[in-house]
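Since the structure is predicted, the reported quantities are computational estimates derived from the model, not experimental observations. Every chain is numbered from 1, with letters handed out A, B, ... down the list of sequences.
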Amino acid sequence: MPELTFLEAIRSALRDEMTADQRVFVLGQDVGVKGGVFLVTDGLYQQFGEHRAIDMPIAEAGIVGAAIGAALHGLRPVAEIQFADYIQPAVDQIINEAAKLRYRSAGDWSCPIVVRAPFGSGIHGALYHSQSTEALFTSTPGLKVVIPATPYDAKGLLIAAIRDPDPVVFFEHKQLYRTIRGEVPDGRYTVPLGTAAVRRTGRQISVFTYGLMLHHSLTAAEQVAQEGIDVEVVDLRTLYPLDRETILASVRKTSKALIVHEDNLTGGIGGEISALIGEYAFEYLDAPVRRLASPDVPATAFNEALEAHFMLNPTKIAHALRELAAY
Amino acid sequence: MPELTFLEAIRSALRDEMTADQRVFVLGQDVGVKGGVFLVTDGLYQQFGEHRAIDMPIAEAGIVGAAIGAALHGLRPVAEIQFADYIQPAVDQIINEAAKLRYRSAGDWSCPIVVRAPFGSGIHGALYHSQSTEALFTSTPGLKVVIPATPYDAKGLLIAAIRDPDPVVFFEHKQLYRTIRGEVPDGRYTVPLGTAAVRRTGRQISVFTYGLMLHHSLTAAEQVAQEGIDVEVVDLRTLYPLDRETILASVRKTSKALIVHEDNLTGGIGGEISALIGEYAFEYLDAPVRRLASPDVPATAFNEALEAHFMLNPTKIAHALRELAAY
Amino acid sequence: MSMQTDTSLASLPINDPALPRHRQLGLSDEQVLAALAGMQRVRNVDDRLWQLSRQGKAHFVITSAGHEATQFGCAWAIRAGHDYSVPYYRDMALALALGQTPLDLLLHGMGKPTDPASGGRQMFGHFSSRALRIVSGSSSVGSHIVHAVGLALAFRITGEQDIAAITFFGEGATSEGAWHEGMTIAGVQQLPVVFVCENNGYAISVPAHREVPVRDVATKAAGYGMPGVIVDGTDIFAVYAAAHTAMQRARSGGGPTLIECKLHRLRPHSNADDHSKYRSPEELAALAQHDPIDKLRDYAILHGLLDAVQWQVLQQQIKAEVDAATLAADQVPDPPLESLYDHLYGA
Amino acid sequence: MSMQTDTSLASLPINDPALPRHRQLGLSDEQVLAALAGMQRVRNVDDRLWQLSRQGKAHFVITSAGHEATQFGCAWAIRAGHDYSVPYYRDMALALALGQTPLDLLLHGMGKPTDPASGGRQMFGHFSSRALRIVSGSSSVGSHIVHAVGLALAFRITGEQDIAAITFFGEGATSEGAWHEGMTIAGVQQLPVVFVCENNGYAISVPAHREVPVRDVATKAAGYGMPGVIVDGTDIFAVYAAAHTAMQRARSGGGPTLIECKLHRLRPHSNADDHSKYRSPEELAALAQHDPIDKLRDYAILHGLLDAVQWQVLQQQIKAEVDAATLAADQVPDPPLESLYDHLYGA
Ligand SMILES: Cc1ncc(C[n+]2csc(CCOP(=O)(O)OP(=O)(O)O)c2C)c(N)n1
Ligand SMILES: Cc1ncc(C[n+]2csc(CCOP(=O)(O)OP(=O)(O)O)c2C)c(N)n1
Ligand SMILES: [Mg+2]
Ligand SMILES: [Mg+2]
């Protein structure tokens with residue numbers, strides 16, 4: 001199996017689906033000739049032409065809205081928002097339109113679109129090229145929110161998202177694009193939406209995380225393993241709807257939980273997961289459910305020292321694991 | 001003290017502040033000549049003229065953005081979004097602009113605006129005139145989110161919001177507008193932002209709630225009191241930042257917690273509150289923290305039977321209280 | 001790219017000034033009579049909804065009174081079930097003209113589970129039918145325009161010819177950012193889509209001069225690289241001519257058009273509105289002169305398509321029809337409560 | 001409401017065709033020389049930032065090369081500290097022209113705590129100074145225009161006279177919904193605000209014909225009830241004339257203006273961009289002809305404001321200045337880590 005970067009895996013999902021299914025196309029700013037500012041869509045314009053790799057004006061509501069319209073006619077649009085920080089102008093189209101189309105028409109219409117957006121910090125993007133904006137979407141029935149962490153998943157989940165009959169917001173951590181490599185099959189395959197994956201089994205503490213933080217959590221788990229702390233690490237993969245069964249099964253086994261996300265602490269998905277555990281695994285808990293997240297400030301600063309201070313890393317996670325183990 | 005409806009209390013806050021402070025003005029769709037679709041701003045146009053009660057085009061980003069601009073020059077704009085369902089096009093201006101202005105300029109600029117919006121169901125408003133959209137804003141550092149439940153608070157909190165040096169999103173439950181009356185002082189007074197209020201003291205269960213649900217919770221508490229269940233009811237009033245001290249003090253006393261909100265269950269503020277309790281009052285808990293909320297469907301349906309089925313009411317809350325008491 | 005205040009009828013079949021206007025446009029007597037009956041039918045449903053709202057049986061009414069000629073005129077230019085229509089809440093007459101029935105509309109207005117638009121989920125005014133290619137909308141003003149643009153983009157991608165999307169909105173909607181983005185994309189890509197502005201001079205209470213920075217909405221077209229056309233929206237033939245030309249232009253690869261139909265909202269914005277608060281008594285009194293049904297009826301009588309007695313009979317027939325539909329709709333039971341959870345996600 | 005391709009200079013002081021252009025416009029020799037030096041200074045900072053980015057000391061560079069004449073020409077029309085300027089990331093030259101120093105810009109580019117724009121929080125390109133009334137912006141394209149409109153609304157409310165807001169953006173930004181909403185509000189209320197489009201023909205890689213549905217952005221003004229003016233954005237005098245006229249018009253209650261400055265982005269969009277992927281070698285080679293600094297230098301030499309030797313000396317002085325500023329900026333230590341939490345809320 002070829003080794004691909006996270007970014008190449010996403011590109012390969014797009015290329016494979018576009019090759020196999022004429023209904024699939026990409027649209028967004030700079031996704032055509034340039035191949036995207038991160039080069040995720042590089043080559044698609046050359047291969048599929050300007051009608052299926054469409055350079056769009058700077059109009060996020062227009063891009064997502066046009067995707068919705070095309071989906072109504074049976075196409076399978078994959079819209080790119082250049083940075084997750086710029087998805088806000090499209091929030092209305094995603095939440096009020098795409099997510100409600102099936103429900104509001106009692107099933108007569110549907111809206112199979114994918115909205116891709118790179119998110120997260122660590123590339124000196126400062127306040128407006130670093131945000132984690134998933135919390136905007138994790139309270140919207142009708143929507144799915146997917147965040148892959150490995151190249152294999154990135155391809156399989158994106159193909160599943162494209163084939164899904166409903167709208168999917170698909171966030172890609174931009175620091176993973178080129179730093180993470182992994183085996184990725186050549187052909188088309190799917191990883192089911194709505195299911196978490198246990199990336200490391202352990203008996204003492206469950207970590208629930210996603211995106212870049214999965215990798216930091218795995219590193220931290222290895223660190224504390226040497227100290228005899230046995231950590232299970234769960235990659236959530238889909239944030240809405242959450243895979244309650246996997247979450248609850250893990251914590252019922254370990255009886256301690258740490259939730260790790262790069263999004264701000266307050267109002268992030270961590271609260272929902274903690275609430276689920278508190279409600280449905282209460283009797284199993286040996287310690288408070290802990291959350292480790294970015295501080296409640298707008299996003300990471302441009303200054304490198306502040307950026308490093310803002311960001312989570314394996315050391316901080318290991319520290320939280322030790323504290324929880326000692327509880 | 002005069003008795004005012006919830007709506008009159010809000011109007012009185014606006015009129016009193018506009019009279020006392022030349023910097024205060026209102027802007028929004030239909031807020032001028034017509035006085036707002038709910039008549040909240042009725043009379044302000046006549047009293048203060050077209051420059052301080054400004055009818056605006058249907059342009060939510062423009063309305064909030066113009067408020068931001070005016071605030072930069074030192075004014076105190078109060079923008080009305082006609083329904084909370086239509087605040088989405090302004091999400092970018094509220095979250096990415098207003099909430100970050102002070103932080104991104106290291107304190108050089110600030111953005112003292114208020115964005116008012118009626119929310120909630122119960123007036124046959126169906127999918128797009130009934131939504132609770134507060135969860136869009138309760139993960140944004142730099143912002144404050146306020147939801148009053150009584151006429152006294154509506155006036156005092158709105159005046160506090162207007163005088164607050166930072167942006168405040170102020171949601172008003174539209175079913176309260178004319179159904180709730182209460183004593184409201186004539187003059188100007190404030191109710192501090194960021195503090196919850198214990199509306200009913202009790203020893204067995206803490207209910208955390210806000211808006212219309214406060215009233216339903218109080219009714220439910222009276223119902224179960226007759227059965228010997230002693231419930232404390234906390235009106236959160238500010239959802240961001242939360243009043244952690246009051247929440248934790250209450251649950252440390254009662255050792256059981258029920259969170260009640262009209263917003264969808266998943267991703268609503270209830271998760272954050274449950275997480276806080278689970279993290280900081282773990283040792284005190286005698287039962288799982290329960291959440292009672294609207295089902296995870298887009299919003300209430302138009303059909304009356306479905307609308308009633310969707311909505312929370314005192315009976316449903318009383319039922320949840322009994323279950324929790326029995327735990 | 002120029003603004004036309006007079007519509008070229010070049011693509012319309014017959015052009016003999018001696019003929020009555022409808023014949024010049026290639027419309028038969030039957031079509032005119034059917035439109036007149038349809039307009040009267042929808043007005044009856046409109047009346048009925050206001051009645052039902054007073055009885056507590058329909059909780060929301062949003063009128064199309066005054067807009068009927070525009071909506072029926074456009075409907076003539078649309079092949080329902082083939083072209084896509086993306087309407088707004090004001091388009092009850094359009095829904096009926098495209099094939100929905102008074103029963104459909106009343107089921108919708110009364111929130112019944114058999115409401116074809118939404119199964120009783122949406123407030124009245126959210127017309128939808130996949131079979132008729134009438135696209136489901138939200139209540140958010142201006143957010144649907146770009147769906148029509150996306151449909152047109154889809155035709156471009158699939159290479160389908162001879163098909164177009166058409167979307168409708170008030171002049172108030174043209175202030176929304178999403179409207180601008182839709183117009184921009186349509187203009188850049190010269191997509192097969194027609195934009196119809198039903199300019200009734202008000203956005204609820206706000207008069208056009210406080211919400212539209214130009215006298216004519218059609219002027220805005222110039223910024224989007226498409227023609228802007230102004231028509232009298234109470235004149236069904238003028239509207240048809242403009243819509244037909246624009247749809248043909250779109251279908252044949254000629255690009256988008258913005259049509260502004262100037263007309264009057266004869267009733268308050270909705271049953272929650274009191275328009276006497278912001279329209280003067282004189283203005284309100286003058287509204288009756290702008291009733292498009294009167295206009296078409298007079299035309300039909302003038303050209304001998306029907307006489308005054310036939311008109312009386314037709315009105316009564318329609319009333320009876322709407323009575324029957326009301327009764328039928330009223331009898332439909334509420335949905336099972338668990339249906340609240342249906343259709344959230346597909347399979 | 002008409003589109004002017006030639007700007008009326010009626011409000012400018014002197015109008016004698018025998019004089020050199022700057023004198024006709026009432027500009028002194030010193031002013032021209034100061035602008036030339038300023039443009040050269042900012043180009044030096046630009047060069048320096050690209051260098052620093054290769055050294056890993058400045059993580060983001062967004063050039064103003066090619067835009068200097070537009071930004072300096074507008075700055076002449078702005079009373080910094082009185083009128084409000086609402087810039088975008090391309091406006092480094094404007095920031096300097098309004099009073100920021102090379103050190104300010106370098107502190108900003110190196111993310112230092114003494115960066116006056118953001119205390120090291122924002123990426124380079126987010127110029128801000130309350131003292132100079134340069135408004136802090138986000139990176140979100142098009143979202144700041146409406147803040148200028150809101151400032152203008154504030155002047156209307158307070159009744160302040162003789163003050164205006166001016167905002168800057170690329171042609172790409174004119175597709176954004178928020179831009180449209182700002183333009184609409186300004187047009188409806190005829191507010192004292194000037195909109196300057198720096199049309200460099202690209203939105204990152206997307207050429208104007210794929211993102212702007214009309215040839216000239218100025219055409220869009222017609223839909224907003226304001227004049228649209230086209231100027232050569234590499235000609236500082238043409239820009240000044242248009243900006244001065246528009247600002248005076250705004251300040252005296254005449255309403256808003258849209259000015260389109262046509263110019264060229266001489267470098268890639270940012271240090272993360274490779275423009276050879278979407279601009280042909282010929283196009284890239286031709287860019288040198290559109291350097292506004294060369295243009296103003298030639299003008300200055302032609303009119304005897306300085307000679308070639310003086311130009312050499314000036315360039316060296318400026319380089320030394322920027323060297324010194326770089327050194328000074330580089331020595332500023334990082335902020336205390338707890339400062340991450342400062343300025344979240346006011347007192
Ligand atoms: C995004 C949004 N903002 C505000 C509203 C409230 N609203 C409903 S209808 C309306 C006026 C629309 O006016 P116009 O577009 O002219 O259409 P008309 O009703 O006159 O046909 C407004 C402001 C809404 N539904 N959606
Ligand atoms: C809302 C938003 N969408 C997308 C981007 C990404 N982006 C940054 S600059 C840019 C191009 C802007 O082009 P233009 O407005 O013409 O300005 P120029 O850079 O050419 O001066 C884009 C798409 C952004 N910053 N904000
Ligand atoms: Mg209207
Ligand atoms: Mg550009």
Counting heavy-atom pairs under 4.5 Å with chain C, which one of H129(B), E50(B), Q29(B) comes out on top? H129(B)

Given M110(C), R121(C), E211(C), the one with more heavy-atom pairs under 4.5 angstrom with chain B than any other is R121(C)

Is it true that E97(B) and R104(B) have a side-chain N and a carboxylate O under 4.0 angstrom from each other? yes

Residues of residues 170-182 of chain C contacting chain B, heavy-atom criterion under 4.5 Å, by residue number: G172(C), A173(C), S175(C), E176(C)

K34(B) with D55(B): basic N within carboxylate O range, under 4.0 Å: no

Out of A61(B), P298(B), A299(B), P57(B), which one racks up the most heavy-atom pairs below 4.5 Å with chain C? P57(B)

Checking D115(C) against chain B: side chain, backbone, both or neither under 4.5 Å from a heavy atom? neither

Taking side chain as everything from C-beta outward and backbone as N, CA, C, O, which of these in E307(B) sits under 4.5 Å from a heavy atom of chain C? Side chain, backbone, both or neither. neither

So for F310(B), is it side chain, backbone, both, or neither that comes closer than 4.5 Å to the heavy atoms of chain C? both

Would you check if I87(B) and F119(B) make a side-chain contact, meaning some heavy-atom pair closer than 4.5 Å? no

D46(C) (side chain) donor-acceptor with S64(C) (main chain) under 3.5 angstrom: yes

Min side-chain heavy-atom separation I123(B)-F60(C) under 4.5 Å: no

Can you say whether Q88(B) sits under 4.5 Å from chain C via the side chain, the backbone, both, or neither, judging by heavy atoms? neither

Part of L344(C) lying under 4.5 Å from any heavy atom of chain B: side chain

Proximity breakdown for V141(C) and chain B, heavy-atom pairs closer than 4.5 Å: side chain

Are T133(B) and D85(B) packed together at the side-chain level, in the sense that at least one heavy-atom pair is separated by less than 4.5 angstrom? no

So, the part of P336(C) with a heavy atom under 4.5 Å from chain B: the answer is backbone

In this structure, CZ of F124(C) is separated from CD of Q122(C) (nearest 0.5 Å) by 12.0 Å

Is R90(C) reaching over with its side chain to a backbone N or O of F169(C), donor-acceptor style, under 3.5 angstrom? no

So what's closer than 4.5 Å to chain C heavy atoms on A305(B): side chain, backbone, both or neither? both

Taking the side chain from R48(C) and the backbone from T326(C), do they hold a donor-acceptor pair closer than 3.5 Å? no

Parallel, tilted or perpendicular: ring planes of Y177(B) versus F38(B), cut at 30 and 60 degrees: tilted

Strictly under 6.0 Å, is that where the ring centroids of Y278(C) and Y202(C) end up? yes

Salt bridge flag under 4.0 Å for residues D47(C) and R267(C): yes

L39(B) versus chain C, heavy atoms under 4.5 Å apart: side chain, backbone, both or neither? side chain

